[in-house]
Amino acid sequence: MTADASDVDFDVVPETDQSFENALANARAGRRLTVADGIELITTGTDVDGIDQRRKELVLEAADRRRADVVGDEVTFVANVNNNVTTACNTGCLFCNFKDTAHQFETDHHEDHAGFTKTPEESKAVVEDAVDRGVYEVTSVSGLHPAFGLNDEHRETLDPDDPEHNYKPPERYTTDPHTYVDQIRAMSDAGAHVHSITPEEAEHAQRGVDWGYRDVYAALADAGLDTVPGTAAEILVDEVRDVICPGKIDTAEWVTAMEAAADVGLPMTATIMYGHVENAAHRVHHLDVVRDLQDRTDNITEFVPLSFVHQQTPLYDRGVVTGGASDAEDELMVAVSRLYLDNVDHIQSSWVKFGNAKGLKLLHCGADDFMGTILSEEITKRAGGQHGEFRSVADYADMITAIGRTPVERSTDYTERRVLDPSADTLGPRLGPKADGTPLVPERDDAARELASADD
Ligand SMILES: C[S@@+](CC[C@H](N)C(=O)[O-])C[C@H]1O[C@@H](n2cnc3c(N)ncnc32)[C@H](O)[C@@H]1O
Ligand SMILES: Nc1c(NC[C@H](O)[C@H](O)[C@H](O)CO)[nH]c(=O)[nH]c1=O
Ligand SMILES: N[C@@H](Cc1ccc(O)cc1)C(=O)O
Ligand code: SF4
């Protein structure tokens with residue numbers, strides 16, 4: 001939410017010739033929605049000021065029905081671990097408090113800082129430990145460390161004296177992150193499915209050379225990359241990117257990188273990060289870019305609405321925004337994602353962004369996936385998020401059965417699924433290479449079970 005709407009003067013505005021009633025009729029009938037339909041639904045009508053409660057319920061109901069028609073009653077989650085390699089980043093996105101400016105990581109910088117860089121060996125150890133506990137996947141997203149390159153050849157090619165390349169040799173840093181290929185291989189060798197390399201990271205992995213995204217993703221797939229997180233999407237309308245992330249690739253480049261990942265055969269997710277300076281029309285234009293990309297690739301497994309966490313971000317500190325999305329906006333974002341994206345099967349409710357209560361509510365607004373166990377979290381926490389860093393399989397079983405749905409552990413690409421038996425004595429993951437149903441974090445899971453049975 002902006003401090004003052006007139007602060008940011010956008011060309012794209014939520015005005016349409018469509019009526020709310022016609023848009024709702026199109027949604028209910030399963031007709032492909034237009035941008036105007038989407039704007040009418042997400043605003044609960046451009047003819048009313050603010051959100052109309054009665055109309056909102058009608059949109060949520062239509063989305064919940066669509067969810068039931070497309071995927072039924074199952075609610076999925078993945079047993080995964082987050083392993084972010086480095087927080088060093090000079091891109092300067094104004095919504096992000098994950099990054100630390102890279103000069104702080106240099107050997108001649110002597111003041112303390114809260115950031116970190118892991119070597120491939122350290123990444124491997126984190127993932128090995130998680131795989132031993134039963135995890136299936138590692139999600140790895142990182143700052144654009146200046147010493148990163150795709151591989152050794154890339155690092156040798158990059159010119160440290162050309163400021164355009166944002167490259168400094170590894171000797172300049174206390175810890176060498178090595179290359180993207182080294183990091184991916186290390187995590188893959190640890191036995192996990194590797195979900196990594198956002199379009200922005202792929203751009204960093206080919207800066208200063210003309211290898212193209214296809215070659216970058218092919219080389220990374222060879223090193224063990226399995227699927228691609230479609231983050232760095234933020235809002236896929238350039239006039240918004242110019243305000244919140246002027247250092248990032250533009251919309252067309254993001255789409256090009258995703259198409260290349262699809263070409264190489266890597267399944268991918270897509271995201272939106274909303275609730276800052278953008279308006280409702282931008283959100284729908286973003287959905288339109290994603291639907292169009294999916295028409296061409298058919299490779300997007302899930303769509304993840306990420307609500308902006310504002311508390312400790314430059315956008316909030318500088319008074320550009322006064323807060324994030326309201327509950328009603330979150331509900332409508334999820335519902336209209338379900339209705340608009342008629343070619344994407346799964347919509348995620350992200351507990352790290354919404355918490356348990358709202359996260360569960362969103363499973364009645366069109367969402368059918370409840371994210372993953374993640375075990376650790378830095379991006380949302382550093383921005384001021386307060387919903388923790390871990391959910392156990394027992395937590396999932398309890399929460400999902402409490403709302404009358406069926407808990408299902410899934411693989412990252414949704415091809416493998418296992419329905420949970422919530423009454424089992426112990427509840428742990430079963431899809432990972434070393435998963436045998438033992439709880440992920442024994443003490444915590446046992447405590448959760450005891451609490452649950454005390455309620456019986
Ligand atoms: C922190 S970046 C890491 C990967 C890489 N540097 C990139 O930008 O693609 C991953 C994603 O986290 C999300 N993110 C960062 N800060 C956030 C915040 N304050 N609230 C919600 N999501 C945020 C953004 O969508 C961003 O694309
Ligand atoms: N794997 C998912 C995550 N992981 C956490 C992220 O890596 C990150 O810390 C945060 O979400 C940044 O915005 N988060 C999700 O919301 N959904 C996932 O599937
Ligand atoms: N798992 C989702 C969500 C995600 C969100 C934010 C991240 O930083 C990473 C991942 C994806 O693959 O895109
Ligand atoms: S969102 Fe990614 S690219 Fe932007 S500052 Fe944060 S870590 Fe860097």
Side-chain angles (χ1 to χ4, degrees), residues 76-102 115 135-146 148 166 180 193 195-205 227-236 241 244-249 254 257-258 269-276 286 301-317 321 324-325 346-354 359 362 367 369-385 387-391 410 412:
T76 47
F77 66 93
V78 60
N80 65 351
V81 62
N82 269 352
N83 177 52
N84 305 324
V85 170
T86 178
T87 59
C89 192
N90 290 331
T91 311
C93 304
L94 278 80
F95 56 80
C96 177
N97 194 37
F98 170 69
K99 80 240 179 199
D100 300 288
T101 42
V135 151
Y136 174 89
E137 168 225 279
V138 54
T139 294
S140 182
V141 294
S142 301
L144 309 176
H145 195 301
F148 254 146
N166 179 22
Y180 284 112
H193 170 112
H195 183 60
S196 189
I197 314 293
T198 74
E200 191 69 34
E201 294 177 289
E203 201 286 326
H204 197 60
T227 53
V228 168
T231 52
E234 323 314 357
I235 295 288
L236 292 167
R241 302 178 84 73
I244 64 165
C245 51
K248 266 199 154 121
I249 53 175
W254 186 89
M258 291 284 277
T269 63
T271 62
I272 181 172
M273 205 269 299
Y274 66 95
H276 36 85
H286 179 109
T301 53
E302 67 172 335
F303 184 69
V304 187
L306 301 168
S307 200
F308 171 54
V309 178
H310 67 278
Q311 287 85 347
Q312 296 165 26
T313 61
L315 280 179
Y316 182 66
D317 290 346
V321 299
H346 305 288
I347 306 291
Q348 184 183 107
S349 168
S350 170
W351 58 255
V352 76
K353 301 293 190 236
F354 303 117
L362 294 173
D369 180 74
F370 208 12
M371 208 185 117
T373 55
I374 71 173
L375 298 172
S376 79
E377 207 290 325
E378 278 117 10
I379 300 171
T380 304
K381 189 174 63 181
R382 281 179 162 215
H387 301 303
E389 307 190 51
F390 171 60
R391 294 297 182 274
R410 64 165 167 96
T412 307

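Just so you know, these numbers use all the heavy atoms, side chains as well, and skip hydrogens, waters and symmetry mates. Both counts, for ligands and for their atoms, begin at 1 and track the order of listing.
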Please enumerate all residues that pass side-chain contact (heavy atoms from CB on, under 4.5 Å) together with A205, with sequence neighbours excluded.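 Partners of A205 under the side-chain contact (heavy atoms from CB on, under 4.5 Å) test: L150, Y180, V216.
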Out of F95, Y316, W254, F308, whose heavy atom sits nearest atom 17 (C) of ligand 1? F95
Kindly identify the option in V352, V309, L306 whose heavy atom sits closest to atom 20 (N) of ligand 1.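 Closest candidate by heavy-atom distance is V309.
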Return yes when [X] approaches ligand 1 closer than 4.0 angstrom through a heavy atom, no otherwise.
X	value
I379	yes
P199	no
K248	yes

The criterion is side chain to side chain donor-acceptor pair (under 3.5 Å); which residues satisfy it with E377, sequence neighbours excluded?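 With sequence neighbours excluded, E377 shows a side chain to side chain donor-acceptor pair (under 3.5 Å) to T380, given in chain and number order.
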So, at under 2.8 Å, which protein N, O or S atoms would a careful student list around atom 8 (Fe) of ligand 4? C89 SG
Partner set under salt bridge (charged side-chain N to carboxylate O under 4.0 Å, His left out) for K381, not counting sequence neighbours: E389
Counting only heavy atoms not in Y316 (residues, nucleotides, ligands), do more than 12 fall under 6.0 Å from its OH?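 Count not over threshold, so no.
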Test your reading of the model: is there a side-chain donor-acceptor pair from W351 to the backbone of F390, 3.5 Å cut-off?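 Judged by distance alone, no pair lies under 3.5 Å.
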Just to confirm my output: which protein heavy-atom neighbour is closest to atom 2 (Fe) of ligand 4, and how far is it?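 The answer is K248 NZ, 4.0 Å.
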Check the orientation of F148 and H145. Use parallel for under 30°, tilted for 30 to 60°, and perpendicular for over 60°. perpendicular
